[in-house]
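Structure first, commentary second.
Scope of the values below: all heavy atoms of this structure, side chains included, with no hydrogens, waters or symmetry mates.
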Amino acid sequence: MKKITKILLVTLTLVMLLAPAVSAAAPYTTYTYSSTGFVLTSPDAYVPDVVVNTKYIGPDVYGAYANITDPRDLAVGADGKVYISDAAENCIYVLDKYYKYSFKISDFTNEHGVPDSFNGVSGMYISDKYIYACDTDNNRIVIFDLKGNFIKTVGQPESALFKSDSIYKPVAVAVDSYGRLFIVSSTTYDGIIVMGDTGAFYGYIGAQKVSMSAWDALWRKINPNDENREEFLSTEFNNITIDSNNFVYVTTSSIDEDAQQSAINSKDKSGTYAPVKKLNASGTDVMNRNGFYPPSGEVKVSNLETSTIKGASTIVDAAVGPQGTWSIIDQKRSKVFTYDAQGNLLFAFGDSGNQIGSISNIKAVAYQDNNLLLLDKDNCSFTVYRRTEYGDILLQALENQNNRKYDAEVSDWTEILKRNNNFDVAYIGIASAKYRDGDYDGAMEYYKAAYDKSGYSDSYKEVRKQWLSKYFIVVPVVVVVLLILVAKFFAYAGKKNKQVALKVGQKNIKEELMYAFYVIFHPFDGFWDLKHEKRGSARSAYIILVATVLTMLYNTIGSGYIFGGDDVEANVFMTLVSVVVPLMLWVIANWCLTTLFDGEGSLKDVFVASCYALTPIPLLVIPATILSNFFVQDEAEIISLIITLAVIWMGILMFLGMMTTHGYSFGRAFLTALGTIVGMAFIMLIAMLFSTLTAYVVKFVYDIVDEIQYRV
């Protein structure tokens, strides 16, 4: 009995110790995204603490209960009090910071001394003095003090600039430190309405850009009364909030999903199709989108194999958090996405369901000190999420970053990495701290670990600057020496080609390869002698082709990290295919076409001329690849220019080589080149059809053999 008693006591103790951990367990996975779109799980930054419903709220001091039936918005005051607007009950419930019922705002006497009430109250904004409520169906904003006493109403904007036929339906409001009201109207497509608390209309800001074709734009001007005109209206917003610096965050769920997802996948930083924007007072989008993907909610929706929900996120609200962080909510997936001031995704979490921490129909989000509150419209409740130790360290790192305490910031990010070594923002944080502290080599290392090539480029630029200041004489000397060597080489090649021009008989391989440097500068004479004077051969053509393949392979793996060299694996087969297949398609299609139209060149002549035309690729791409290891992102255009020049030069030589080999005029050669391109496409189509037919035949034979074996 003593042993049994001891076992029971130990078991009971363990249960009691584990109970808090179990109750705090989250029914969702917290994660971020890598630079390539892979989901990276992370520790929970917030865990569900309590679900607050009518029962939890309880009665007020007079025994009256809150009856939440259609919650539309959730807001938190500076004192921690929580406000819930209910459109069905036409009131605002005010809870204390412990989520207990204080009072409600419903019936009031307006400024005319007439009893009044809400009609479809929705969005709210709580300042340090007033409560601003969107009385949607009464087409007005109603203002109260923090004790619920009526102050005034602000009706429809009064201005000639406000269209007379506009329907004013305020659903969300935010107020800046100057008392200006920023209002989202559900039926307004011109942007955010800006007005004073007296009703003075200041104008619209932040209208979404409308995408339309040139024909649609012309038709709209010709026929302004077209019944399909609404298709070209700017996208309306659905919610709004404002930060302490008077920057306005607005959200919309009306952007075309394909356009929104395309902007995410292409890492578009313009914000044209962004579901959330950060506007300054003039309406300019100033949001930083420096993360791997622009802040838009879910990134790779097709990668979420376990989810039945598809398509871009439906963003319905935003909230401003501590230390420059801010969050948006995805109503489609009941998820929260939190970003820092630079647009880096810090964490995402949430799911739909019936467990504590899951939201059935997420409607609003708000911060309350260390807690995050999410409103569940279907369950008429809100869930309180408590920030974890991981979340605390994360916020502390951001605080030290904002206060420029670099050593403390590095220490915090290091602690984060101990708990989550997949968190790229931590690597970037350490790298940024080291960069600001002058440790550029260390910054490069951490930027590289986070695949942040922009930061790596800035750090490398400083390292290169230090190196150049130390060895400022070496660089011009090396450049001059290289230019002299190049000039001497081309002089030697020219001299050698002149000597070989008088040589009778077979040319050796060195002489044939040297002739390529004559062809690229004198294409007409060069391609003529290549065919008629036998200055080249198939063997030298093969060598140039192999050199081109090796050049492209070197460009793939030998480019500097900033230009993608280090994170690309060498694929010899694909490089071979990418060079040889287009070349052979060109040669075969051109020979087949010119055979029918009196072309003078044989298949061998076309092949040799085409291979000699590839010479600019090794000649320019190799130096460009070498230079990419010493250049930064700001100088990327130089590398692109060199490679583009090589391709254009090759294309011109390919055309002139074909024209000279077949003895065509320029016009006939141009038409032949177009026909060759069409022929290349036709050959590829035939090859695809043949491969498909072959696959069907093989499958048919396999099925027959399998059936015979089964019967036997």
Side-chain angles (χ1 to χ4, degrees), residues 26 28 30 44-52 71-85 92-99 123-128 131-132 146 172-177 182 239-251 276 278 287 295 297 315-331 334-341 343-350 357 359 362-376 381-399 401-402:
Y28 47 73
T30 302
D44 294 322
Y46 285 88
V47 292
D49 195 26
V50 64
V51 175
V52 179
R72 294 296 180 88
D73 196 15
L74 176 75
V76 176
D79 55 1
K81 289 184 177 180
V82 179
Y83 301 77
I84 302 173
S85 62
I92 296 174
Y93 294 108
V94 182
L95 316 180
D96 64 21
K97 62 181 180 180
Y98 304 109
Y99 322 119
M124 300 175 295
Y125 180 79
I126 315 299
S127 72
D128 56 352
I131 301 169
Y132 299 81
L146 297 182
V173 61
V175 183
D176 68 8
S177 59
F182 297 83
N239 224 319
I240 190 169
T241 191
I242 195 167
D243 64 15
S244 58
N245 295 316
N246 293 329
F247 288 108
V248 175
Y249 293 77
V250 290
T251 60
V276 57
K278 180 181 180 181
M287 177 174 287
I315 307 303
V316 295
D317 195 12
V320 178
Q323 301 303 326
T325 62
W326 53 279
S327 299
I328 54 177
I329 54 175
D330 178 4
Q331 189 176 51
S334 295
K335 289 183 181 292
V336 181
F337 297 84
T338 300
Y339 304 87
D340 66 7
N344 296 299
L345 177 62
L346 300 177
F347 51 83
F349 71 89
I359 305 294
I362 195 167
K363 183 65 177 176
V365 57
Y367 280 90
Q368 184 200 39
D369 295 329
N370 296 334
N371 296 331
L372 189 68
L373 280 53
L374 299 181
L375 180 64
D376 189 339
S381 63
F382 65 89
T383 302
V384 180
Y385 296 80
R386 173 175 47 82
R387 198 166 68 215
T388 63
E389 180 194 20
Y390 175 80
D392 290 338
I393 299 174
L394 182 57
L395 262 296
Q396 185 176 306
L398 293 174
E399 181 181 3
Q401 183 182 81
N402 295 334

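One side chain, Ser327 or Tyr367, offers a donor N or O that lies under 3.5 Å from an acceptor on the other. Donor-acceptor pairing under 3.5 Å is lacking for the side chains of Arg386 and Asn371. No side-chain donor from either of Thr388 and Asp44 sits under 3.5 Å from a side-chain acceptor of the other.
Ring to ring, Tyr125 and Phe182 are not that close: their centroids are 6.0 angstrom or more apart. Separation of the Phe349 and Tyr385 ring centroids falls under the 6.0 Å cut-off.
In terms of modelled atom types and a separation under 3.5 Å, the side chain of Asn246 and the main chain of Ser177 share a donor-acceptor contact. Between the side chain of Asn239 and the main chain of Val316, a donor-acceptor pair closer than 3.5 Å is present. Distance alone, capped at 3.5 Å, places no donor-acceptor pair between the Gln323 side chain and the Leu395 backbone. Without hydrogens or angle criteria, Asn344 side chain to Asp340 main chain gives no donor-acceptor distance under 3.5 Å.
Leu74 has its side chain out of reach of Tyr83: every pair of non-hydrogen atoms, C-beta onward, lies at least 4.5 Å apart. Side-chain contact between Val52 and Thr383 is absent, with no heavy atoms from C-beta onward closer than 4.5 Å. Taking 4.5 Å as the limit, every side-chain heavy atom of Ile242 sits out of range of all side-chain heavy atoms of Val175. Using a 4.5 Å cut-off on side-chain heavy atoms (C-beta onward), Tyr93 and Val82 make no contact. The closest side-chain heavy-atom distance from Val384 to Leu372 is not below 4.5 Å. The side-chain heavy atoms of Ile328 and Tyr339, taken from C-beta on, include a pair separated by under 4.5 Å. Looking at heavy atoms from C-beta onward, Tyr132 lies in side-chain contact with Ser127 at the 4.5 angstrom threshold.
For Phe337 against Ala348, the heavy-atom pair with the smallest separation is CD2-CB, 3.4 Å. The two residues Ile240 and Ala174 make their nearest non-hydrogen contact at CG2-N, 3.9 Å. Residues Ser85 and Met124 share a closest heavy-atom pair of N-CE, 3.6 Å. Minimum heavy-atom separation, Pro48 to Gly357: CB-CA, 3.5 Å. The two residues Gly350 and Tyr28 come nearest to each other via the heavy atoms N-CG, 3.6 Å. What you find for Ile315 and Gly297 is that their closest heavy atoms are CD1-CA, 4.3 Å.
One distance of note links CD1 of Ile84 with CD1 of Ile92; it measures 11.0 Å at 0.5 Å rounding. Remark: Thr338 OG1 to Leu345 CG distance equals 8.0 Å, nearest 0.5 Å. In this structure, Ile329 CD1 and Ile362 CD1 are separated by 4.0 Å, a value rounded to the nearest 0.5 Å. With rounding to the nearest 0.5 Å, the separation of CG in Leu375 from CZ in Phe382 is 8.5 Å. Note that CZ of Arg387 and CG of Asn370 are 4.0 Å apart. Values are rounded to the nearest 0.5 Å. From Leu146, atom CG reaches atom CD1 of Ile131 across 5.5 Å, with rounding to the nearest 0.5 Å.
Checked against side-chain contact (heavy atoms from CB on, under 4.5 Å), Asn245 has the following partners two or more places apart in sequence or in another chain: Asp243, Phe247. For Asp96, the side-chain contact (heavy atoms from CB on, under 4.5 Å) test picks out Tyr98, Lys100, Ser102, with sequence neighbours left out.
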Verdict with reasoning, Val336 to Leu374, per side-chain contact (heavy atoms from CB on, under 4.5 Å): CA-CA 9 Å; Val336 181; Leu374 299 181; 3.5 Å; yes

Step-by-step side-chain contact (heavy atoms from CB on, under 4.5 Å) determination, Ile393 to Glu389: CA-CA 6 Å; Ile393 299 174; Glu389 180 194 20; 4.2 Å; yes

side-chain contact (heavy atoms from CB on, under 4.5 Å) evaluation trace for Lys97 with Lys81: CA-CA 5 Å; Lys97 62 181 180 180; Lys81 289 184 177 180; 5.6 Å; no

Ser381 and Val51: CA distance, side-chain angles, deciding distance, side-chain contact (heavy atoms from CB on, under 4.5 Å) verdict: CA-CA 7 Å; Ser381 63; Val51 175; 3.9 Å; yes

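The aromatic rings of Tyr249 and Trp326 lie tilted to each other, with the angle between the two planes from 30° to 60°. The aromatic rings of Tyr46 and Phe347 sit tilted, their planes meeting at an angle between 30° and 60°.
Ion pair Asp317/Lys363 not flagged as a salt bridge, since none of the NZ, NE, NH1 or NH2 atoms sits closer than 4.0 Å to an Asp/Glu carboxylate oxygen.
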